[in-house]
Amino acid sequence: MATNYDPSEIEPRWQARWEADGLYHADIDPSMPKHYALTMLPYPSGDLHIGHWYIMTPSDARARWLRMNGYNVMFPIGFDAFGLPAENAAISRNIHPKIWTYANIERMRTQLRSMGTMFDWRREAISSDPSYYKWTQWFFKKLFEQGLAYRKLAAVDYCPKDNTTLAREQVVGEDRVCERCGTPVIKKELEQWFFRTTKYADELLHYPGIDWPDRIRLLQTNWIGRSEGASVVFPISPPVEDGGVAIEVFTTRPDTLWGATFMVLAPEHPLVEQLTTPEQHPAVAAYVAETIRQTDIQREATDKEKTGVFTGGYAVNPVNGERIPVWIADYVLMTYGTGAIMAVPAHDPRDFEFARKYGLEVRPVIQPEGVELDGEAMTEAYPHTGEMVNSGPFDGTPATEDKGMKNPAVRAVTEWLEENGAGRADVNYRLRDWTISRQRYWGAPIPMVLCKTCGWNPVPDEDLPVLLPDDIEWLPTGESPLKLHPTWKNTICPICDEPAEKETDTLDTFMCSSWYHLRYLSPDYEEGPFRQDDYDYWMPVDSYTGGVEHATMHLIYTRFFHKALRDMGLVEGHEPMLQLRNQGHILGPDGNRMSKSKGNVIDPDEQVSRYGADTVRAYLMFGYRWSEGGPWNTENIQGPVRWLRRVWDLFTSPPPDVEPNDEAVRALRRKVHQTLAQVTQSFETYQFNTIISGLMELLNVMVELGEAGAAGSTAWDEALDVYLRMLAPAAPHIAEELWTNALGKPYSVHQQPWPEVDEDAAREDVVVMPVQVNGKLRDRIELPAGFTQAEAEAAALASETVQRFVDGKPPKKVIVVPGKLVNIVV
Ligand SMILES: [Zn+2]
Ligand SMILES: [Zn+2]
């Protein structure tokens, strides 16, 4: 075997062997406990970057560790291959998105293999393969059949550069720019397909029996934004002729209804047209036109001066029959609640500001204790607790800090509203239904057909997949390229057999990634998205790793998807993924996010050719708290570089020829088993940095104790054996090479069991004993394990503290209670 550590020779050789032997194939084996280890699938952007390594290689190490612990571990990989970047790259380079995508996948497969991961490549799933998106379309149909997919005209966020609608999550930052290209987003009215995610809003707030980070739960909880209150109906006054027209509002404070002195509608509210009087029409129309150009964030900014226009129309406050004016103002958003509010200026800061500006009445209806609020004199709203006043039958009811029906004032008024048919207890969510239509080419076609007679109907199962055409112009026009294809959309209505048109929008790629963990189960299965046997054995996912940035997108969508499929009887359990852990980010050496424009990108291929995959893996585990990440450090990688070279040297050099020494042997076993206990614990808890530091420290101790007389002993052989087993998950290639070729042990180290901690060997040799003088605790002394009575007596009497208390007097008696204490009687 080679004398120098040469990863460029060792690593490809073992990778080829493992693959040829199918070493990491995971198949159903009912005799073994299973573990489904899932890591988020990459987007085939062209090159694997260091971020992929940072999520995947520690995840791989842990999957390998679980395998050594007796689990049948499935660790699959695939590609989230549809989406905008392919289409944009295609436009800028004039390459077909499909060619671009599959060329990238081929390149990334090679790079993924260079990591030395235990991916079971037989299970690879690519979301842009027709054999995959057939089932994405099939799931769409299932959701449609359940009423969970529906179509509506909606103002959508639209990126004028990418010419596509964006999900709310894809609009980022204060300036509301497109997540992909940074262009400010505009609003556009379009007929869209939606998934009814809000149906599961309440359930998504709970995490029954699953181990997900608090941070993710909090992000999701805030995103879902549940608030309790009441829906209240304000009839329009005078009643519009066809009758029944009313403005519905949601309020968390129905107890302040008597203080509602006006109403405000979002300028886009559908009733604005009807309410506006001819005199007010020009002012209203001008205000609406101006508002539509603004973004929601601009509109909601608290420091923005409130503006609005009176519609000339009135509504009736249902609690007291008062006619109150209806205004429009841009601080009310169509995307929250019903797009209309009752304004209670005495108790809401924004309404207060608005009322003062336009001279509207401020009427206090919650009185704090010991103060009399005067609506005309108030200089700011009073949004706090107190008791109800000016509220007819409810005067004196306490309004507490409690939310919803737990608040006595809210409860009393809500019950009154229900009894009088003016409203009901209600819950509002910030969460919106999921817009899934995209006016782009490179996505799964939505499997729906529009017939003039029969309306929208799904494509029959036997006609799935609805294939993307290859001959396409993908130049950006604002329309779906599929719509512009001369023939693609022409089809036959599945109901009446007359000519009809296919939906030309494609599915949001988050739909593809909502179920990829299911396709890994049975990637070649043609009768369904997955085989039932595979599902029953492998699901749910036992551990899931990936970025926290997916908290309010993928990680909500996949949970929604699972719950919807559960209710159709297609899957079991309430949650798809039992445990989730998020890694941090690796930044450029300058501490900034890596980007080509900053010139701070660390290319993993370059690092691998310089140091080897094992070193890069070890550095990524060693250099950071995995959940936090940090800047790449060119000097710090030298630690793992030196470490693996020293490991190589220790295992490939003859052991030092030394006199055997029992103490060194005992110390060696102790350190080996202490390290094993610590490394085991660190794998359990995803503390990858302490795995590597523990192994580094053990190496130092082994070198030292080997020379001190442990080399050549059976304990020495044990140490070498245990060391390589512990090294195998983190640095799989060097561990295999040293295991099979240096130690000559049977291939493969990756099929060995994880060693067991010998607790006796791990125990510290030192015992701490309390020492009493005349029954009073005076000191603690350290004694070697297995000490004699004489040793304990001598050590106790030698303690300086004890000598002070004994004060030179000869001890009458020294009592040694082994393992308990030493008592000196003077
Ligand atoms: Zn964009
Ligand atoms: Zn028809």
Side-chain angles (χ1 to χ4, degrees), residues 227-237 246-265 306 308 310 313-327 329 331-332 337 340-426:
S227 49
E228 286 181 24
S231 283
V232 188
V233 176
F234 288 69
I236 284 175
S237 166
I247 303 169
E248 189 170 343
V249 303
F250 171 82
T251 174
T252 56
R253 297 296 304 276
D255 53 322
T256 62
L257 260 164
W258 280 263
T261 52
F262 57 99
M263 298 192 81
V264 186
L265 305 188
K306 302 284 169 287
F310 178 42
Y314 288 83
V316 177
N317 187 336
V319 295
N320 55 14
E322 275 180 29
R323 278 180 93 226
I324 56 174
V326 181
W327 287 63
Y331 75 92
V332 176
I341 62 158
M342 60 177 212
V344 183
H347 304 294
D348 180 280
R350 295 195 305 179
D351 298 347
F352 183 87
E353 198 189 315
F354 193 84
R356 281 290 184 255
K357 178 165 176 179
Y358 294 105
L360 298 159
E361 188 191 348
V362 177
R363 187 191 299 166
V365 291
I366 302 292
Q367 202 74 266
E369 208 184 319
V371 185
E372 186 136 340
L373 292 178
D374 174 354
E376 285 185 22
M378 286 171 79
T379 55
E380 58 179 359
Y382 175 76
H384 309 295
T385 59
E387 65 176 43
M388 292 175 69
V389 294
N390 301 323
S391 299
F394 298 101
D395 284 358
T397 310
T400 62
E401 275 175 14
D402 294 316
K403 307 282 182 218
M405 296 297 261
K406 289 195 194 94
N407 185 332
V410 170
R411 169 178 287 276
V413 175
T414 304
E415 283 170 355
W416 184 94
L417 288 169
E418 287 179 348
E419 280 159 26
N420 291 275
R424 62 182 199 285
D426 204 358

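The closest side-chain heavy-atom distance from Pro368 to Tyr382 is below 4.5 Å. Side-chain contact between Leu257 and Val232 is present, with at least one heavy-atom pair separated by less than 4.5 Å. Looking at Phe250 and Asp426, their side chains come closer than 4.5 Å, going by heavy atoms from C-beta outward. Contact annotation: the side chain of Thr261 approaches that of Pro345 to within less than 4.5 Å [non-hydrogen atoms, C-beta and beyond].
Heavy-atom minimum distance, Asp255 versus Ala399: OD2-CB, 3.7 Å. Minimum interatomic distance between Val413 and Pro254 (heavy atoms only, all atoms of both residues): CG1-O, 3.3 Å. Summarising the geometry of Ala246 relative to Val233, their closest heavy-atom pair is CB-CG1, 3.4 Å, with the distance given to 0.1 Å.
Here the straight-line distance linking atom CE of Met263 with atom CD1 of Ile236 works out to 9.0 Å at 0.5 Å rounding. Between atom CG of residue Leu360 and atom CG of residue Asp351 there is a gap of 10.0 Å, rounded to the nearest 0.5 Å. The structure places CE of Met405 at 9.0 Å from CD of Glu228, a figure rounded to the nearest 0.5 Å.
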query = Can Ile341 and Asp348 be said to form a side-chain contact (heavy atoms from CB on, under 4.5 Å), step by step?
reply = CA-CA 11 Å; Ile341 62 158; Asp348 180 280; over 6 Å; no
request  = Check step by step if side-chain contact (heavy atoms from CB on, under 4.5 Å) holds for Leu373 and Gln367.
outcome  = CA-CA 7 Å; Leu373 292 178; Gln367 202 74 266; 3.2 Å; yes
task = Assess whether side-chain contact (heavy atoms from CB on, under 4.5 Å) is satisfied between Ile324 and Met342, documenting all intermediate values.
result = CA-CA 10 Å; Ile324 56 174; Met342 60 177 212; 5.9 Å; no
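Judged as a salt bridge (Lys or Arg N to Asp or Glu O under 4.0 Å), the pairs with a partner in residues 354-367 (not counting sequence neighbours) are, in order, Glu305-Lys357, Glu322-Arg363, Glu361-Arg363. For residues 386-410, there are no salt bridge (Lys or Arg N to Asp or Glu O under 4.0 Å) pairs, not counting sequence neighbours.
A cation-pi arrangement, defined by a distance under 6.0 Å to the six-membered ring centre and an angle within 45 degrees of its axis, is present between Arg323 and Tyr314.
When each of Glu419, Glu248, Glu415 is paired with Arg424, the salt bridge (Lys or Arg N to Asp or Glu O under 4.0 Å) condition holds for Glu248 and for no other.
The backbone N or O of Val389 sits less than 3.5 Å from a side-chain atom of Ser391, completing a donor-acceptor pair. Judged by distance alone, with hydrogens and angles left aside, the side-chain atoms of Asn407 form a donor-acceptor pair with the main-chain N or O of Thr400 at under 3.5 Å. With hydrogens and angles ignored, the 3.5 Å screen pairs a side-chain donor or acceptor of Tyr358 with a backbone N or O of Gly308. His347 places a side-chain N or O within donor-acceptor distance of the main-chain N or O of Ile366, the cut-off being under 3.5 Å. When atom types are taken as modelled, the side chain of Asn317 and the backbone of Trp258 share no donor-acceptor pair closer than 3.5 angstrom.
Using a 30° and 60° split on the angle between ring planes, Trp327 and Phe310 fall in the tilted class, from 30° to 60°.
Residues Phe354 and Phe262 bring their aromatic ring centres within 6.0 Å.
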